[in-house]
Amino acid sequence: VQLQASGGGLVQAGGSLRLSCATSGRTFNSYAMGWFRQAPGKEREFVAAIRWHGGSTVYTNSVKGRFTISRDNAKNTVYLQMNSLKPEDTAVYYCASSPYSGTHDPRQYNYWGQGTLVTVSS
């Protein structure tokens, strides 16, 4: 499975961005997709996950009500719509594929994209 993340950029606080993660290859091995982020000097943290079938989602508390994860099964693409962005959302965002149900644990993900940088200015 190959993952290509895109859509990052510089935005002012309160603004919006939409990240995309295009998948290719042996995608039938993927049961769920997740977004993680890593800020400078911090550990990688879970943001959101979605199952390809059924579309059930899970979010970390800090983004609930602001971020929305979605998927387009026909395009094998997952999105992360980010609204009301805050400076603390600044990080490199990674998409990842999991053969499991999509959890907070990065060890449950076996394929990772290259990351896309999101910078939120105050």
Side-chain angles (χ1 to χ4, degrees):
V1 177
Q2 291 80 45
L3 309 178
Q4 181 69 43
S6 62
L10 174 64
V11 64
Q12 288 188 332
S16 299
L17 282 174
R18 188 176 83 154
L19 306 183
S20 299
C21 179
T23 70
S24 60
R26 299 171 68 86
T27 56
F28 60 85
N29 287 331
S30 177
Y31 188 81
M33 296 291 295
W35 285 98
F36 291 77
R37 66 186 180 186
Q38 187 166 18
K42 295 187 177 181
E43 293 186 353
R44 189 170 299 188
E45 66 168 346
F46 171 81
V47 176
I50 188 168
R51 296 182 184 179
W52 284 111
H53 299 289
S56 61
T57 59
V58 61
Y59 298 90
T60 192
N61 286 338
S62 63
V63 307
K64 284 181 180 178
R66 300 189 298 123
F67 291 11
T68 302
I69 188 171
S70 62
R71 89 279 190 231
D72 185 330
N73 290 45
K75 295 181 178 180
N76 290 328
T77 300
V78 174
Y79 305 96
L80 185 68
Q81 178 66 44
M82 305 185 296
N83 298 329
S84 302
L85 282 162
K86 304 175 181 180
E88 51 263 43
D89 295 317
T90 295
V92 176
Y93 284 70
Y94 298 90
C95 59
S97 171
S98 174
Y100 306 110
S101 61
T103 72
H104 298 71
D105 187 351
R107 295 171 297 180
Q108 300 276 328
Y109 294 78
N110 54 355
Y111 294 100
W112 293 81
Q114 84 288 2
T116 185
L117 176 62
V118 172
T119 304
V120 184
S121 63
S122 58

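The first residue in the sequence is number 1, and the count goes up from there.
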Margin query: Would you say that Arg37 contacts Val63 through its side chain, given a criterion of any heavy-atom pair below 4.5 Å between the two side chains?
Written below: yes
Margin query: Show the nearest heavy-atom pair for residues Phe46 and Tyr109, with the distance to one decimal.
Written below: CE1-OH, 4.1 Å
Next item on the list: Would you mind reporting whether Trp52 and Thr23 have side-chain heavy atoms less than 4.5 Å apart?
Entry: yes
Next item on the list: Using the rule that two of Ile, Leu, Val, Met, Phe, Trp, Tyr join whenever any of their side-chain heavy atoms come within less than 4.5 Å, decide whether Val47 and Leu85 are in one cluster.
Entry: yes
Notebook entry, point to check: When clusters are formed by joining ILVMFWY residues with side-chain heavy atoms under 4.5 Å apart, either directly or through shared neighbours, do Val118 and Met33 land in the same one?
Noted result: yes
Check: Same hydrophobic cluster for Leu19 and Val120, using side-chain heavy-atom links shorter than 4.5 Å among ILVMFWY?
Finding: yes
Next item on the list: Using the rule that two of Ile, Leu, Val, Met, Phe, Trp, Tyr join whenever any of their side-chain heavy atoms come within less than 4.5 Å, decide whether Ile50 and Tyr111 are in one cluster.
Entry: yes
Item checked: Where at least one partner belongs to residues 64-73, residue pairs that pass side-chain hydrogen bond (donor to acceptor under 3.5 Å, both in side chains), sequence neighbours excluded -> Asn61-Lys64, Arg66-Asp89, Arg71-Asn73
Item checked: Path from Tyr31 to Val1 over hydrophobic side-chain contacts below 4.5 Å -> no
Note to self: Looking at every heavy atom in both Leu117 and Ala91, which two are closest together, and how far apart are they?
What the structure shows: CD1-O, 3.6 Å
Checklist line | Nearest non-hydrogen partners of Ser16 and Ser84, listed with the distance | finding: OG-N, 4.4 Å
Notebook entry, point to check: So do the side chains of Ser97 and Leu3 get within less than 4.5 Å of each other, counting heavy atoms only?
Noted result: yes
Check: Looking at residues at least two apart in the chain, or sitting in another chain, which of them share a ring-ring contact (aromatic ring centres under 6.0 Å, His included) with Trp112?
Finding: Phe36
Margin query: Between Trp35 and Val78, is there a side-chain heavy-atom distance shorter than 4.5 Å?
Written below: yes
Check: Linking Ile, Leu, Val, Met, Phe, Trp and Tyr through side-chain heavy atoms less than 4.5 Å apart, which residues share a cluster with Tyr79?
Finding: none
